[in-house]
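In what follows, a structure is listed as structure tokens, so that the remarks can point back to it.
Ligands are counted one by one from 1 in listed order, and the atoms in each one are counted from 1 as well.
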Amino acid sequence: MASTLPSDSSFNPRRDRRRRLFGSWWKRQSPARQDRFVTLGPVLSVLLFLAAIIAAFWYLRNEEFEREQESVKRDTEIAQQQIRLRLIENQEQLVRMARELATKAIDQDELIGQSVSFVRERPEVVSLTWVGADRAIRTQHFSPNHPMDAARAIERRAPYPSSPAASAMLAPRSGQRPSAAVSAPPATPAAPPSLGAEPDWAFGAARDLRQPVYSRPFTGAGGQPVFQIHVPLIDRSAFSGVLIAEYSLESLLRHFVPGEVTRRHAISLLDADRRVLASTVSRELADSSRRPAFVEDVVVSPVGNGLTLRGQGWRTSIGLIGNTLFWMVVALSALTVWMLGGTWRHMRRRGQMQSALIAETNFRRAMENSMLTGMRAMDLEGRITYVNPAFCAMTGFAEHELIGRLPPFPHWPPDRIEESMRLFQQELQGKSPAGGIEVKVLRKDGSVFDARMYVSPLIDARGHQTGWMTSMTNITEAKRIRDQLSASHERFTTVLEGLEAAVSVLSVQEGELLFANRSYRLWFGAEAQGHALLAGGNAAPPPSPADRDDEVDGLGGLPTQELTEAKSDAREVFVAPQQKWFDVRARYLQWTDGRLAQMIIATDITARRRAEEQAQHQAEKAQETSRLITMGEMASSVAHELNQPLTAIVNYCNGMVSRVKAGSIGEPDLIAALEKTSKQAQRAGQIIHRIRAFVKRSEPQRQPAQAREIVEDAVELAGIELRRRNVEIHSYVAQRLPTIMVDPILIEQVLLNLLKNAAEAIDNARLPSARRHIELRVIPRHTPDEGGVIEFSVTDNGPGLPDEVIARLYEAFFSTKSDGLGIGLSLCRSIVESHRGRIRAENLYNGSTVIGCRFSFTLPVEAGSASHERSPADAVAAPPPSPSLTPNA
Ligand code: ADP
């Protein structure tokens with residue numbers, strides 16, 4: 001409600017303020033109340049109109065009543081005035097006549113003459129009578145205007161005294177109607193004659209009062225109501241009779257009530273008892289019980305005595321007409337109110353429908369406005385007829401900039417007008433694909449975004465197509481994400497496909513191959529078989545039909561979460577059909593659809609395994625070679641060692657030959673000598689056997705072995721060298737050593753190497769014989785990091801190890817000796833560590849002087865396993881195959 005500015009001329013601050021107050025009051029009302037006011041207004045106005053009409057009718061009616069009353073009153077007064085004036089005038093005339101008569105200014109004859117003219121000129125007067133003080137009628141003159149009355153008077157008023165002279169005189173003078181002039185018979189002088197009740201009373205009153213006196217109305221001689229005026233004749237205060245004029249009431253009315261008055265109203269004369277004496281209308285009408293509407297009573301002066309002039313007015317037909325009009329208005333008002341009621345009901349229904357419509361419209365508007373999808377409606381020609389706020393917000397164009405536009409639309413990118421036009425034509429022909437089309441849309445600020453448009457025909461309520469509805473969604477973000485996703489998917493697949501390892505995912509329950517990369521497909525095809533082969537014992541259990549039926553997962557309710565969180569285990573598996581070794585890492589995961597699945601990454605490690613095997617083989621060869629070398633090195637010592645039994649055998653044989661030849665030997669001596677010879681031969685054989693056993697080429701195999709036996713064999717072999725170098729050995733082996741799982745030859749080789757090195761160090765240092773000894777100790781030990789082990793230690797009193805030697809001690813081909821190969825300690829370490837043991841070297845000090853060194857190695861009590869599969873730990877613990885050990889190196 002925009003308040004209109006008041007024009008300068010019509011500006012009225014108070015009115016303006018009132019309007020504003022009303023406006024604010026109106027606005028404060030609820031819509032329902034406003035509606036009620038609006039509907040009640042007409043009803044109220046109709047009722048007000050009706051009230052006004054009633055009031056107007058009431059007022060008019062009253063007005064009319066008053067006017068009528070006024071009119072009756074006026075007419076009555078006019079009539080009364082006329083009558084009064086006439087009566088006064090008559091009275092004056094009579095008084096003059098009476099005076100003249102009394103003072104004898106006129107005589108009887110003159111009186112008769114005057115009477116004749118008096119009566120003739122006054123139609124209201126019935127008779128004029130001169131009555132003496134004795135109530136005897138002296139003269140009496142009847143009006144010719146009342147012949148009937150006169151006749152009756154003669155009949156009925158016999159007792160009225162009338163002088164015959166007067167009658168005689170009257171007769172010729174009257175002339176007109178001689179029959180009317182009647183002389184009354186002479187009264188009896190004895191008793192005063194009676195004039196009648198009323199006249200008697202008036203006579204007495206006039207005589208007593210010496211004034212003209214009016215009688216009360218009474219029925220005259222003609223049966224007509226009359227009244228009389230008695231004018232006393234006073235002669236020098238002596239009463240000498242009265243002059244009586246008798247008035248006919250009817251004549252009074254007839255002659256002195258104006259014609260227009262009688263036409264309008266009924267004028268009646270009533271006596272003191274309110275009896276109608278005379279009336280301008282029929283007596284019945286004047287006297288009827290029907291109550292006249294308007295009545296005005298006026299005393300007829302100067303008569304008095306209760307003679308009343310009554311004016312009567314009746315309600316005319318205007319009342320009826322007014323009533324009809326009134327009832328018509330009432331009926332019309334009632335009809336209007338009824339119709340208003342109907343209108344009101346109708347309006348209420350309309351209002352309800354309207355509010356429902358408004359609610360619906362608001363809902364739809366809200367829906368439209370809150371929608372993020374841009375909507376555009378076009379008519380059949382392609383003119384834009386509607387756009388929603390989302391469309392405007394998307395494109396940046398205002399509604400008025402789009403509505404009514406024909407192509408090319410402002411949101412078409414200028415460089416794509418042709419394509420847009422083609423799509424537009426397609427749209428108009430209804431050939432747009434149901435899945436929508438991707439378009440570029442130009443914003444008002446010049447930027448362009450990607451959108452997807454869906455087109456559907458716009459059908460109106462009657463089922464006719466009126467145009468096309470296009471919905472548009474901004475897919476820039478979606479497209480970006482989609483592009484990113486597809487790029488990342490591509491990267492992912494590229495990486496997965498490019499992997500050398502086979503990656504496969506198998507659903508745990510269905511045993512269905514969910515994913516397999518290129519390497520997998522290459523090796524195993526698209527079958528789940530390969531996965532099962534790789535998984536080996538840990539393959540996802542194939543779902544049994546029973547399991548499927550009772551919908552229990554194949555893992556027997558194992559919490560899948562824990563499964564998927566479990567670390568992958570790595571195993572090396574040989575797959576026979578492919579003749580390949582795989583490093584297999586398996587783990588459980590939740591597949592994209594929520595199913596539990598097992599993923600396997602299998603890396604082809606066949607080449608590594610071959611290299612390892614080769615390295616192993618070479619290491620074995622190296623060990624064997626090393627043993628041969630050791631024996632080669634010990635060859636002179638061995639020869640020396642063998643020389644003794646052989647020399648002894650030769651000596652025994654020579655001695656026996658000479659003594660047999662000399663015959664100085666007995667059989668027992670011979671047998672003893674032969675036995676000694678045999679022992680020496682056995683000893684030599686034993687040496688050779690041991691050496692053969694040591695260098696014999698055999699597959700390395702671990703077996704339960706006793707440390708003591710290994711030590712004994714090693715000391716036996718080393719003894720050959722030690723003896724030659726003149727070095728003593730003290731060995732100490734603890735009692736009840738646990739059995740160890742080792743390859744005895746290899747351990748013996750280690751021990752021999754350490755003993756030989758110690759002997760060489762002592763020999764090379766040319767130590768005195770007091771320090772030429774080696775100590776070998778074998779004791780069980782328990783270390784916190786290795787657990788139960790058996791420790792072998794070789795201690796010598798040699799020169800010890802310089803720092804630079806310690807640093808490179810286990811390096812292959814590192815030697816400080818001129819003829820040394822430098823592979824001894826390197827092999828020792830690899831052998832010990834392959835038995836999960838450790839080897840270390842340390843100098844022995846006396847104060848700060850090195851007095852020797854000690855080499856020790858440990859072997860775990862439960863060392864080794866019979867398994868052919870190498871555990872990862874083995875793989876990790878095993879030293880990398882040294883290139884120096886390869887035959888090529
Ligand atoms: P080689 O005996 O052929 O030299 P080894 O690997 O057995 O090769 O020994 C490497 C080196 O370690 C030796 O050259 C030597 O200098 C040193 N060495 C080994 N044992 C001792 C020891 N008991 N006392 C002093 N030096 C030693």
Side-chain angles (χ1 to χ4, degrees), residues 619 621-638 694-695 711 714-715 717-722 724-731 746-778 791-834 837-846 849-857 879 882-885 889:
K621 273 208 159 155
Q623 285 157 8
E624 198 183 324
T625 311
S626 160
R627 286 198 295 275
L628 284 172
I629 289 167
T630 308
M631 285 302 111
E633 282 167 352
M634 285 170 65
S636 62
S637 305
V638 170
F694 185 67
V695 296
V711 168
V715 169
L717 266 181
I720 299 168
E721 182 76 0
L722 293 180
R724 192 177 67 87
R725 292 191 185 271
N726 197 21
V727 176
E728 263 180 68
I729 180 165
H730 303 283
S731 62
L746 292 178
I747 303 303
E748 191 186 329
Q749 187 180 350
V750 173
L751 279 173
L752 182 62
N753 221 320
L754 294 179
L755 290 171
K756 195 168 116 330
N757 274 351
E760 276 171 355
I762 288 170
D763 199 18
N764 291 346
R766 299 182 193 284
L767 290 175
S769 57
R771 287 185 62 188
R772 291 178 86 93
H773 55 85
I774 302 168
E775 191 182 65
L776 169 64
R777 287 174 72 85
V778 181
E791 187 189 62
F792 298 77
S793 63
V794 176
T795 312
D796 65 69
N797 294 323
L801 301 159
D803 287 344
E804 67 274 12
V805 175
I806 286 182
R808 307 180 61 189
L809 206 53
Y810 303 107
E811 224 173 76
F813 306 116
F814 170 78
S815 173
T816 56
K817 300 163 194 166
S818 56
D819 55 347
L821 274 177
I823 56 164
L825 283 177
S826 163
L827 267 175
C828 285
R829 182 168 139 169
S830 76
I831 289 167
V832 168
E833 286 180 352
S834 78
R838 282 184 194 169
I839 183 164
R840 62 180 153 266
E842 58 195 332
N843 280 324
L844 298 174
Y845 293 91
N846 183 10
T849 330
V850 179
I851 54 161
C853 70
R854 179 165 71 202
F855 282 83
S856 60
F857 67 93
S882 169
S884 58
L885 294 178

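- Here the protein heavy atom with the shortest distance to atom 23 (N) of ligand 1 is Asp796 OD2, 2.9 Å.
- Heavy-atom proximity to Cys853, at under 4.0 Å, picks out these atoms of ligand 1: 22 (C), 23 (N), 24 (N).
- With respect to Asp796 and Arg771, no salt bridge is recorded, no charged nitrogen being found less than 4.0 Å from a carboxylate O.
- Counting atoms of ligand 1 from 1 in the listed order, those under 4.0 Å from a heavy atom of Leu809 are 12 (O).
- Residue Asp819 holds its CG atom at 7.0 Å from CD of Glu633, rounded to the nearest 0.5 Å.
- Using a 4.5 Å cut-off on side-chain heavy atoms (C-beta onward), Asn757 and Phe855 make no contact.
- In terms of N/O distances under 3.5 Å, ligand 1 is not approached by Ser826.
- Relative ring orientation between His730 and His773 is described as perpendicular, the plane-to-plane angle rising above 60° on a 0-90° scale split at 30° and 60°.
- Residue Gly822 has at least one nitrogen or oxygen atom sitting less than 3.5 Å from a nitrogen or oxygen atom of ligand 1, judged on distance alone.
- Atom 10 (C) of ligand 1 has as its closest protein heavy atom Phe814 O, 3.5 Å.
- The nearest non-hydrogen atom to atom 18 (N) of ligand 1, considering only Leu801, Val850, Leu821, Val794, comes from Leu801.
- Between Arg840 atom CZ and Ser856 atom OG the span is 5.0 Å, to the nearest 0.5 Å.
- Between Ala758 and Val794, the closest heavy-atom pair is CB-CG1, 4.2 Å.
- Atom-to-atom distance recorded for Ile839:CD1 and Arg829:CZ is 9.0 Å, nearest 0.5 angstrom.
- Distances below 4.0 Å separate heavy atoms of Gly824 from the following atoms of ligand 1: 6 (O), 7 (O).
- Protein heavy atom in closest approach to atom 2 (O) of ligand 1: Lys817 NZ, 2.6 Å.
- Ligand 1 has a nitrogen or oxygen under 3.5 angstrom from a nitrogen or oxygen of Leu825.
- From the protein, the heavy atom lying nearest to atom 21 (C) of ligand 1 is Phe855 CE1, 4.0 Å.
- Closest protein heavy atom to atom 7 (O) of ligand 1: Asn757 ND2, 2.8 Å.
- Distances below 4.0 Å separate heavy atoms of Gly800 from the following atoms of ligand 1: 25 (C).
- Residues Ser626 and Asn753 share a closest heavy-atom pair of OG-ND2, 4.5 Å.
- Put simply, the side chain of Arg772 gets close to the backbone of Leu767: a donor and an acceptor are under 3.5 Å apart.
- Counting only distance, with no hydrogens or angles, the side chain of Gln749 and the backbone of Gln623 share a donor-acceptor pair below 3.5 Å.
- Of all the atoms in ligand 1, the ones that sit under 4.0 Å from a non-hydrogen atom of Gly820 are 3 (O), 4 (O).
- When the heavy-atom distances from atom 24 (N) of ligand 1 to Cys828, Ala761, Pro802 are ranked, the shortest goes to Ala761.
- The CZ atom of Phe857 sits 9.5 Å away from atom CD1 of Ile831, with the distance rounded to the nearest 0.5 Å.
- Ser815 OG, 2.5 Å is the protein heavy atom nearest to atom 4 (O) of ligand 1.
- Of the protein's heavy atoms, Thr816 OG1, 2.1 Å lies nearest to atom 16 (O) of ligand 1.
- Ligand 1 is never approached by Tyr810 to a heavy-atom distance shorter than 4.0 Å.
- The distance from ligand 1 to the heavy atoms of Ala758 drops below 4.0 Å at these ligand atoms: 23 (N).
- Here the straight-line distance linking atom CG of Leu752 with atom CG of Leu717 works out to 5.5 Å at 0.5 Å rounding.
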